[in-house]
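Below is one structure, written out as structure tokens, with a few remarks after it.
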Amino acid sequence: MRMAKLFGRTLREAPADAELPSHKLMVRAGMIRPLGAGIYSLLPLGWRVARKVERIVREEMDAIGGQELLMPVVHPADIWKQTGRYQKIGAEMARLKDRGDRDMLLAMSHEEVVADLVRTEINSYRQLPQIVYHIQTKFRDEPRARGGLIRVREFTMKDSYSLDADSAGLDASYDKHWHAYTRIFTRMGLKFVVVGADVGMMGGSLSEEFMAFSPHGEDILLICPTGDYAANRDVATYQREAPLVGEQRPLEEVETPNTTTIQALADFLGIPLGETAKAVFYKSSSGRIIFAVIRGDLDVNETKLRQVTSETDLVTATAEQIRAIGAEPGYGSPVGVHDCLIVVDESVRDTPNLVAGANKPGYHLRNVNLGRDYQADLVADIASAAGGFPCPVCGTLMGAERGIEVGNIFKLGTHYTVPLDGTYLDAEGKAHPVVMGCYGIGIGRGAATVAEQHHDERGLRWPVSVAPFHVSLLSLGVDAAVTEAAERLYDELTRAGVEVLYDDRTDRAGVKFNDADLIGNPIRLSVSTRTLANDQAELKVRSADAAEFIPIGEVVVRVKTLIDEMLAGLKP
RNA sequence: CGGGGAGUGGCGCAGUCCGGUUAGCGCGCAGCGUUCGGGACGCUGAGGUCGGAGGUUCGAAUCCUCUCUCCCCGACCA
């Protein structure tokens, strides 16, 4: 490709609203352009990166027996009503009506369609197992799109679906995907970890996320340094201390003016946070007030709380709602409250004589004990793990890392095939629901995540596997002999199968160097009067410090060798 | 949805508080000339309904009302 003809230009300055490195650099490099919040066009350079990612994904999906197909992006609402997700999912789903006033929606996922296809295409156990996948546009009206391509509303996703006769088959299909995903992200040059995750709106039993490390990641991961445990903080557990045994001392009211936070309370009484009980109030979408009680040194994990209460939606309760159950904001305790669901973390059960609120302003209670002073509706693990907490498997202190979710895999089971009647007949002629798994990879997010991990102050540094081009070829200066030599190199490289972005513009050397660094193709070749004097070209690897000079005649071979070496370095 | 901020040429910004020539600046863009290995220089030029609607006023980018959009933090999230 000749840069003089390339559609899309580089920018010297990034838009003021860009924050993430990948966002700034991909906009500056002329790879992406925003159309609206979380809605982007991919310009030719960005599209080439996305296509490279897609190619890797296709190769690895095909390698585990996946069959590519394509499912619609606009769905009739019926099948989503049958699985209940039409009712369950809120504003994140973009809904519309067709001319006949029928409910339609923009696909945010395709489990329903797959289950529908199962109903029509799968009749017999002889047809199982199957893996089908597609690479398709999805739309999720995220409450807050941000970060360039990392978190968008319209996006391209590869999702695959495994169809099996039983859970053993699902285990095998899941395992295949686990390995395929590992190969895909390795080939993309990502540093990542697989963590246990929440099943969220997908339903199903088991879920793992492929998390690329990034200081700008939105997820927090807890990782045991010995390698035996890694989980998203949403679901991470940790080794609890042994319950403290102690004599239950008598309840005692203590005056505590202006101590509405746990920290203030601990400071005021001169006790550690761990000797207090924290009260957190939520209102659920089903209308219940959930009263979570946890030890003061811990934080409530809302994902866990949602799980144990079977609530899908929790929002922080208002002061009026808190008073309505007999509690007092800032001085809340489970002693004497009513009309709410009391969920107690194990830490509170296992620690006697805590200081909790007195449910009236300015007072707390000493020596509050579960069972004696109040009853719990549920005792469960609702605590957030954090860095420095002991690993649930081996007790080693865990580290906390930030990550970007680039892929996830789910064991769905029969969650979708039962309501949509996706059944097959076994050898005895008996009908069973097909057992499903689903597996997603965000293409654009994947590309942007590579950019997050591979850049420097000058610009992007794409791994060769996903770079828009292998080589940036620069002709420096106005010497006709230079142009001629560059043209010849461009031609030879291209014919040798090397992807070349040829900077044939009339700009000065500095401009071309800067744009080449910004765009970030892995190999830079420069031809100038100076190099030509020795019948040479300059070759510099984007991620290296030094350049080398090589005879013009050896450029093609050298470049091809280098590309092969770079690809070998990304081998799974 | 809650809190905060911003909409002025393709990008980055000033001007708005305190209304008043023709709305500026840098980058970019076009033409000409000089320059040519790390974002050159000179001259000339194009490009703006100041997000939109309504209002106040002799006069509105500037004041008032409504509205749309975008960003940040939080809530939320296969």
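Naming: A, B, ... by sequence-line order, numbering from 1 per chain.
Residues Arg508(A) and Val511(A) both approach RNA chain B. Their nearest nucleotides, taken by heavy-atom distance, put Arg508(A) toward the 5′ side. Comparing Thr10(A) and Ala37(A) against RNA chain B, the residue whose closest nucleotide sits nearer the 5' end is Thr10(A).
Between the side chain of Ser526(A) and the base of G37(B), no donor-acceptor pair under 3.5 Å is found. Below the 3.5 angstrom threshold, one finds a donor paired with an acceptor across the side chain of Arg28(A) and the base of G39(B). On a pure distance criterion of 3.5 Å, no polar donor-acceptor pair joins the side chain of Asp507(A) and the base of G39(B). For Glu13(A) against G26(B), a side-chain N or O and a base N or O form a donor-acceptor pair under 3.5 Å.
For the residue pair Ser162(A)/Tyr439(A), the side-chain donor-acceptor check at 3.5 Å is satisfied. A donor-acceptor pair shorter than 3.5 Å can be found between the side chains of Ser160(A) and His177(A).
Between U21(B) and C17(B), the distance separating the two P atoms is 14 Å to the nearest Å. U44(B) and G54(B): their C1' atoms are spaced 43 Å apart (whole Å). One C1' atom belongs to C68(B), the other to A23(B), and the distance between them is 24 Å to the nearest Å. Annotation: G59(B) and G51(B) have their C1' atoms spaced 23 Å apart (nearest Å). Separating the C1' atom of C58(B) from that of G12(B) is a span of 37 Å, rounded to the nearest Å. Comparing the same atom, C1', in C25(B) and in G15(B) gives a spacing of 11 Å after rounding to whole Å. Comparing the C1' positions of G38(B) and C43(B) gives a spacing of 27 Å, expressed to the nearest Å. Remark: the separation of the P atoms in U16(B) and G4(B) is 24 Å, to the nearest Å.
Within 4.0 Å (heavy atoms only), Tyr282(A) reaches no atom of the nucleic acid at all. In this structure, Arg9(A) reaches the sugar-phosphate backbone alone: every heavy-atom distance under 4.0 Å involves primed, P, OP1 or OP2 atoms, never a base. Thr529(A) comes within 4.0 angstrom of nothing in the nucleic acid, heavy atoms only. Residue contacts shown for Glu538(A) include a base, since a base heavy atom lies under 4.0 Å away. Here Arg524(A) lies in heavy-atom contact (under 4.0 Å) with a base. Glu218(A) comes within 4.0 angstrom of no nucleic acid atom, judged by non-hydrogen atoms across all strands. Within the nucleic acid shown, Ala14(A) comes within 4.0 Å of sugar-phosphate atoms alone, with no base atom in reach, counting heavy atoms only. Here Asp159(A) lies out of heavy-atom contact (under 4.0 Å) with every strand. Within 4.0 Å (heavy atoms only), Asp515(A) reaches at least one base atom of the nucleic acid. At a threshold of 4.0 angstrom between heavy atoms, the contacts of Lys138(A) include nucleobase atoms, whether or not backbone atoms are also involved.
C70(B) is paired with G5(B) under the criterion used here, namely a Watson-Crick or G-U wobble arrangement in which both key atom distances are under 3.5 Å. A 3.5 Å limit on both hydrogen-bonding distances identifies no Watson-Crick or G-U partner for U49(B). With a 3.5 Å ceiling on both atom-pair distances, the Watson-Crick or G-U wobble partner of C63(B) is G55(B). The base-pairing partner of G42(B), taking Watson-Crick or G-U wobble contacts with both distances under 3.5 Å, is C32(B). The base-pairing partner of C17(B), taking Watson-Crick or G-U wobble contacts with both distances under 3.5 Å, does not exist among the strands shown.
Taking CH2 of Trp462(A) as the reference point, atom CE of Met188(A) lies at 9.0 Å (rounded to 0.5 Å).
In this structure, the nucleotide among C76(B), G38(B), C36(B) sitting nearest to the side chain of Arg306(A) is C76(B). The side chain of Glu302(A) approaches A75(B) more closely than any other nucleotide in the set G37(B), A75(B), G39(B).
Asp141(A) has its side chain out of reach of Met93(A): every pair of non-hydrogen atoms, C-beta onward, lies at least 4.5 Å apart.
Spacing between atom CG of Leu43(A) and atom C1' of G10(B) amounts to 13 Å, rounded to whole angstrom units. At whole-Å resolution of the value, CG in Asn514(A) and P in G37(B) are 14 Å apart. Between the P atom of C76(B) and the CG atom of Asp234(A) lies a distance of 9 Å, rounded to the nearest Å. Spacing between atom CZ of Arg505(A) and atom C1' of G39(B) amounts to 10 Å, rounded to whole angstrom units. Here C72(B) presents its C1' atom at 14 Å from NE2 of His216(A), a figure rounded to the nearest Å. For the pair Asp504(A) CG and C36(B) C1', the computed distance is 17 Å after rounding to whole Å. Whole-Å rounding puts the Leu473(A) CG to G37(B) P distance at 16 Å.
For Arg58(A), the CZ atom is densely surrounded, since the number of other residues' heavy atoms within 6.0 Å is greater than 12.
Between Tyr181(A) and Ile409(A), the shortest heavy-atom distance links the atoms CE2-CG2, 3.8 Å. The shortest non-hydrogen separation linking Glu405(A) to Arg445(A) is O-NH1, 2.8 Å. Here the closest heavy-atom approach between residue Arg402(A) and residue Pro215(A) is recorded as CD-O, 3.2 Å.
The side chain of Arg530(A) contributes no N or O atom lying less than 4.0 Å from OP1 or OP2 of G37(B). Phosphate contact (OP1/OP2 of G28(B), side-chain N/O of Arg12(A), threshold under 4.0 Å): present.
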